[in-house]
Amino acid sequence: MPLKVYNSLTRQKEEFVPINAPYVGMYVCGPTVSGESHLGHARPYVTFDVLYRYLMQNGYKVRYVRNLTDAGHFEEEGREAEDKISKKAILEKLEPMELVQKYTNLYHWAMTRLNNLPPSIEPTATGHIIEQIEMIKTIIADGYAYVSNGSVYFDVEKYNTDYSKKGQPYGILSGRVLDDQLDTTRELDGQDEKKDKSDFALWKNAPPEHIMRWQSPWGEGFPGWHIECSAMSTKYLGEEFDIHGGGMDLQFPHHECEIAQSTVCNHKMPARYWMHNNMITINGRKMGKSYNNVIKLSELFSGAHPLLLQAYHPMTIRFFILQSHYRGTLDFSNEALQASEKALKRLMEAYEWIVIQSGVGGLESGVDKALDEKVLKLVGEFEEFMNDDLNTAKVVANMFELSSVINSIKDKHIANNALSSTTVGILQQQLKLYVEDILGLTNERANDDGKLDGVLQLLIDIRKEAKSRKDFVTSDKIRNELAALGVQLKDEKDGGVSYMIA
RNA sequence: GGUCCUGUGGCCGAGUGGCUAGGCAAAGCUCUGCAAAAGCUUCUACAGCGGUUCGAACCCGCUCGGGACCUCCA
């Protein structure tokens, strides 16, 4: 049962076969650290984190490269040749690198809270200026770029003409035909530097006020937007690697340009499998700066945003993302997030209970055969669903069905020995694998060295005593006031009491 | 204008030519000192209109609605 992933390049699901098993090279476009990450950013990083985890679980040795764009590029090509990062730095009266550091720290903090594993390499654009310049030199030498006024542009027309013959036209990834592109009515100055409107910058001449600038054979300037990913992916993953991921909005022009640049330099399509996650929407509209509808991750975690009815735990966000398929849009709403919060709580409670049980399950004989088979089927499908283009939504759905069974055993609605001990063992092991290691879901409970637990047990004991002498005023006071503090007590069937911290 | 995606029950979301996920919400029941939690049960949907088919939410066509990309973007 091989892993199949949807390849944007071929527009179909394909079996994943690494170029050089067991090694897998994976490149994912990281953020521009000129601002804080928002909910939309969480999606690719959670999605590809799950893929990373799953590949490793399957025995692959994965090198996961996720870049940090800290050099910025001009905001609107040809019009305002200004480095995005230095522009904002002036506004905030910060050194550009101070700004970069600040937002990098915030980004790392958010990634950690979302329980995304750090990538193997997190290269920065500013740390690879030399590699980028070298690559541009090669492209010029091959005749696919030209210098104009201290800037260097990629000759899209020529590339398209030559490489169409080799079956790799410009637009192969996004399905665009060069001539059908929209004729921008907008007046772009600097357009006259380019031979053709679809040409894109590899290197930009820096105007005097531009803070971030580097020496190059073409004068002082800064790299164009697309070249960093080509340079860094080539450097760390080679001329041809396995997976290239990112948001759907990067498919054109970013990834298209990457393909063109890398192909000219390395004479190879850089990546075999191109994977794109879809957007997170809000009221049906893509979340993005230009739409003015972003909710930053820090706001989500704290609840400090007019659109938010409450704070949402990072795990709730992660779970929210995992409940849908990565190639579909996912619509944000408080209602949806609240549903995820409750659902996750239910799932994790069942999970945590079953995983620490011993002595559940009976001998093969006397087992409820139908139920036993059902459980095995549900568990067995985890892999099947993951292999079907990472269908985490279905994996999660099965987990809920299993939760019902687990809770029934816990509440003794289903006999302790209804499942065979073998099946229970498999259930425990597979749940742990998928919940924690692959989906990366963790317990939300705060780590407090057990002190809080000690205090709560004391209160639980006092309440128990009160209940036994029918002093319900006292017992309800404890229960209700703890509830007001966000600690929910639960009376179990066997007379025990457990608690849950909201 | 070009390219493409999409419309599923109160809400979020899977899915596939026939077996009709899952979660949240709601209602009833069980349990409980009362609750909560948990369990059980109920709620059965696929924008509209045609067509293909023994059979379509799933395939095709049209209509209507929503969205993305073509510019920085996860």
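Residue numbering restarts at 1 for every chain, and letters A, B, ... go by the order of the sequence lines. Values below: all heavy atoms of this structure, side chains included; hydrogens, waters and symmetry mates excluded.
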Q) If we require ring centres under 5.5 Å and near-parallel planes under 30°, does Phe472(A) stack on rG33(B)? A) yes
Q: Enumerate the residues from residues 369-379 of chain A whose closest heavy atom to RNA chain B is under 4.0 Å, giving them by residue number; use none for an empty result.
A: none
(Q) Students often get this wrong, so: under 4.0 angstrom with heavy atoms, is Tyr291(A) touching a base, only sugar-phosphate, or nothing? (A) sugar-phosphate
Q: Quickly work out the Phe252(A) CZ to rC4(B) P distance and round it to whole Å.
A: 14 Å
(Q) With a 4.0 Å cut-off on N to O distance, would you call Arg463(A) and Asp491(A) a salt bridge? (A) yes
Report, one pair per line, the protein and nucleotides 23-26 of chain B atoms (nitrogen or oxygen only) whose separation is under 3.5 Å.
unit_1: rG23(B); atom_1: OP1; unit_2: Arg346(A); atom_2: NH2; d: 3.2
unit_1: rC24(B); atom_1: OP1; unit_2: Arg346(A); atom_2: NE; d: 3.4
unit_1: rA25(B); atom_1: OP1; unit_2: Lys342(A); atom_2: NZ; d: 2.9

Q: Please list, chain by chain and in numerical order, all residues satisfying side-chain hydrogen bond (donor to acceptor under 3.5 Å, both in side chains) with Tyr27(A), sequence neighbours excluded.
A: Asn67(A)
Q | Nearest non-hydrogen partners of Tyr312(A) and Gln338(A), listed with the distance | A | OH-CG, 3.8 Å
Q: Take the angle between the ring planes of Trp274(A) and His255(A) and call it parallel below 30°, perpendicular above 60°, tilted in between.
A: tilted
**Q.** Pairwise side chain to side chain donor-acceptor pair (under 3.5 Å) hits with a residue in residues 389-399 of chain A, at least two apart
**A.** His325(A)-Asp389(A), Tyr326(A)-Asp389(A), Arg327(A)-Asp389(A), Glu381(A)-Asn398(A)
Q: On RNA chain B, check which nucleotide each of Leu330(A) and Gly288(A) is closest to and give me the residue with the more 5' one.
A: Leu330(A)
Q) Do the ring planes of Tyr170(A) and Phe200(A) sit parallel (below 30°), tilted (30 to 60°) or perpendicular (above 60°)? A) parallel
Q: Round to the nearest Å and state the distance from Lys410(A) atom NZ to rG39(B) atom P.
A: 9 Å
Q: Give a yes or no answer on whether the side chain of Gln251(A) reaches the backbone of Leu173(A) with a donor-acceptor pair at less than 3.5 Å.
A: yes
Q: Rounded off to whole Å, could you give me the CG-to-P distance for the Asp388(A) and rA21(B) pair?
A: 18 Å
Q.
Once you apply a heavy-atom cut-off of 4.0 Å, does His38(A) come out as touching a base, just sugar-phosphate, or nothing?
A. base
Q) When we call it a touch if two heavy atoms are under 4.0 Å apart, what does Met248(A) touch: a base, just sugar-phosphate, or nothing? A) nothing
Q: May I ask you to check whether Tyr107(A) and Tyr45(A) place their ring centers less than 6.0 Å from one another?
A: yes
Q.
List the residues meeting side-chain hydrogen bond (donor to acceptor under 3.5 Å, both in side chains) with His305(A), not counting sequence neighbours, and say none if there are none.
A. none
Q | Pair assignment for RNA chain B - dot-bracket with | for other-strand partners, Watson-Crick or G-U under 3.5 Å | A | (((((((..(((.....[...))).(((((.......)))))....(((((..]....))))))))))))....
Q. Which comes earlier along RNA chain B counting from the 5' end, the contact point of Ala393(A) or that of Arg11(A), where each point is its nearest nucleotide?
A. Arg11(A)
Q. Picking from rA74(B), rG22(B), rG33(B), which would you name as closest to the side chain of Lys467(A)?
A. rG33(B)
Q | Whole-Å gap separating C1' (rC12(B)) and NE2 (His325(A)) | A | 17 Å
Q) Counting N and O atoms only, with roles assigned by atom type, does the side chain of Glu157(A) sit under 3.5 Å from a partner on the main chain of Asp196(A), one being a donor and the other an acceptor? A) no
(Q) I'd like to know if Asp476(A) and Arg479(A) make a salt bridge, using a cut-off of under 4.0 Å between side-chain N and carboxylate O. (A) yes
